[in-house]
Amino acid sequence: MTRRSTFTDQSVTYGAIGATLAPDLLRYPPAGYRPAEDAVRLGSGAARFERAAESLMTWGIQRGSGFEVSEVSAGTGAQYPGIVYDAGGAPLAEQPEQRAEERFGADGTPYIASGMTAVLERKRRFGVAKTPVLVVYVIDEPGRIGFAYGTTADGPESGEESFILEHRDDDTVWLTIRSLLATSGVTAPRRRKRRRELTKLELRALHPASGV
């Protein structure tokens with residue numbers, strides 16, 4: 001499988017870095033990759049957005065869906081230089097700027113930053129599955145915040161997943177999860193089913209009913 005170096009001198013296991021930003025890649029994915037997009041309303045109001053944003057940017061979705069986040073390394077802050085698109089597929093007139101300063105959650109946890117690496121650990125029936133990831137971009141705009149990470153080690157799943165939170169003009173707060181993933185091996189159908197189940201958990205992780 002072709003590996004592509006990123007702007008952080010790390011490497012990922014797929015070529016379409018930033019694929020979750022580009023509507024065309026989700027509509028017409030590279031051979032072997034399956035796109036997915038899911039969204040859930042989390043409520044409304046600025047307070048709901050700010051609370052969910054802090055949880056999102058301190059690994060709240062991953063921990064809330066059953067992962068242990070370990071071996072976290074600080075990001076460089078260098079941003080993936082891809083084009084950011086709006087919901088209709090048109091490039092934004094003003095592209096997001098690189099985050100100027102490091103931010104922290106109320107408990108002192110650093111916000112996720114571009115170039116950050118981590119290992120996502122999840123218990124399975126027979127042991128623990130570990131997925132090393134690299135944060136390939138961060139979005140931090142008024143009313144819109146989130147990030148995407150890609151896989152950095154060979155394994156049963158390869159690709160990119162993004163988590164974007166929006167405070168929309170009608171005052172509602174939405175979480176959108178996009179992925180572009182390739183699943184290999186004879187167990188691929190089973191793994192795709194597990195992926196759908198995992199996405200459902202991720203969508204619920206920031207919901208007020210979960211305590212966020």
Side-chain angles (χ1 to χ4, degrees), residues 1-37 56-59 61-63 65-85 95-99 102 109-122 124 127-140 145-164 176-188 191-192 194-195 198-199 202:
M1 182 176 292
T2 301
R3 299 174 69 90
R4 174 175 169 180
S5 295
T6 72
F7 51 92
T8 60
D9 294 328
Q10 298 279 347
S11 58
V12 291
T13 59
Y14 62 104
I17 301 172
T20 51
L21 282 174
D24 284 349
L25 281 173
L26 290 178
R27 295 190 190 104
Y28 308 103
Y33 284 79
R34 285 175 174 251
E37 179 175 322
L56 169 67
M57 299 306 293
T58 54
W59 303 101
I61 285 183
Q62 288 67 39
R63 293 191 172 101
S65 56
F67 286 102
E68 179 180 341
V69 183
S70 64
E71 301 180 38
V72 178
S73 71
T76 63
Q79 188 67 292
Y80 170 72
I83 297 174
V84 179
Y85 300 82
Q95 295 292 308
E97 295 182 358
Q98 180 176 317
R99 177 170 300 177
E102 190 173 8
T109 301
Y111 268 35
I112 291 167
S114 296
M116 184 174 282
T117 60
V119 176
L120 307 181
E121 301 183 25
R122 189 175 178 84
R124 297 295 190 195
V128 177
K130 296 185 178 184
T131 305
V133 296
L134 167 71
V135 178
V136 295
Y137 67 79
V138 167
I139 291 173
D140 190 0
I145 191 169
F147 65 96
Y149 52 56
T151 54
T152 63
D154 293 331
E157 194 171 69
S158 173
E160 185 174 298
E161 188 170 16
S162 71
F163 309 87
I164 307 298
T176 300
I177 298 177
R178 287 177 167 180
S179 63
L180 189 70
L181 297 166
T183 307
S184 59
V186 295
T187 61
R191 292 185 182 279
R192 286 195 290 268
R194 287 179 181 171
R195 163 56 57 178
L198 174 59
T199 300
E202 291 173 335

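This is a predicted model, so every value here is computed, not measured.
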**Student:** Would you say the side-chain atoms of T20 pair up with the backbone N or O of R178, donor to acceptor, closer than 3.5 Å?
**Tutor:**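 Not confirmed, T20 side chain does not pair with R178 backbone.
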**Student:** Among all residues two or more places apart in sequence or in another chain, which pass the side-chain hydrogen bond (donor to acceptor under 3.5 Å, both in side chains) test with T199?
**Tutor:**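 None.
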**Student:** Between M116 and S73, which heavy-atom pair has the shortest distance, and what is it?
**Tutor:** CG-O, 2.8 Å
**Student:** For T13, does its backbone N or O pair with a side-chain atom of S158 as donor and acceptor, under 3.5 Å?
**Tutor:**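 Checking the backbone N and O of T13 against the side chain of S158, a donor-acceptor pair under 3.5 Å is found.
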**Student:** Give the minimum heavy-atom separation between A182 and G32, together with the two atoms involved.
**Tutor:** CB-O, 3.3 Å
**Student:** Looking only at non-hydrogen atoms, find the nearest pair between G115 and L134 and report the distance.
**Tutor:** O-CD1, 3.6 Å
**Student:** Quick check for you: to the nearest 0.5 Å, what is the distance between I145 atom CD1 and I112 atom CD1?
**Tutor:**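 Rounded to the nearest 0.5 Å, the CD1-CD1 separation comes out at 9.5 Å.
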**Student:** So among I164, V138, I139, which one has a side-chain contact (heavy atoms from CB on, under 4.5 Å) with F147?
**Tutor:** V138
**Student:** Compare every heavy atom of G146 with every heavy atom of L56, then report the nearest pair and how far apart it is.
**Tutor:** CD2-CA, 3.9 Å
**Student:** Going by side-chain contact (heavy atoms from CB on, under 4.5 Å), name the residues that satisfy it together with L181, two or more places apart in sequence or in a different chain.
**Tutor:**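 Once residues adjacent in sequence are excluded, the partners of L181 under the side-chain contact (heavy atoms from CB on, under 4.5 Å) criterion are E157, S179, R195.
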**Student:** Checking L198 against R122 for the side-chain contact (heavy atoms from CB on, under 4.5 Å) test, could you report, in this order, the C-alpha distance in whole Å, the side-chain angles of both residues, the deciding distance, and whether it holds?
**Tutor:** CA-CA 11 Å; L198 174 59; R122 189 175 178 84; 3.9 Å; yes
**Student:** Could you grab the distance from atom OG1 of T151 to atom OH of Y14, nearest 0.5 Å is fine?
**Tutor:** 6.5 Å
**Student:** Do side-chain atoms of E37 reach the backbone of T176 as a donor and acceptor pair under 3.5 angstrom?
**Tutor:**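 Not a single qualifying donor-acceptor pair exists.
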**Student:** Which is it for I17 and Y137 under the side-chain contact (heavy atoms from CB on, under 4.5 Å) test, yes or no, and what are the steps along the way?
**Tutor:** CA-CA 9 Å; I17 301 172; Y137 67 79; over 6 Å; no
**Student:** List in chain and number order the residues that pass side-chain hydrogen bond (donor to acceptor under 3.5 Å, both in side chains) with Q62, two or more places apart in sequence or in another chain; answer none if no residue qualifies.
**Tutor:**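 Counting only residues at least two positions away or on another chain, Q62 forms a side-chain hydrogen bond (donor to acceptor under 3.5 Å, both in side chains) with Y149.
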**Student:** Which pair of heavy atoms, one from L180 and one from A19, lies closest together, and at what distance?
**Tutor:** CD2-CB, 3.4 Å
**Student:** I'd like to know whether T117 forms a side-chain contact (heavy atoms from CB on, under 4.5 Å) with T152, so could you lay out the CA-CA distance, the side-chain angles of the two residues, the decisive distance to 0.1 Å, and finally the verdict.
**Tutor:** CA-CA 9 Å; T117 60; T152 63; 5.7 Å; no
**Student:** Show the numbers, then the answer: is there a side-chain contact (heavy atoms from CB on, under 4.5 Å) between V69 and R63?
**Tutor:** CA-CA 7 Å; V69 183; R63 293 191 172 101; 3.9 Å; yes
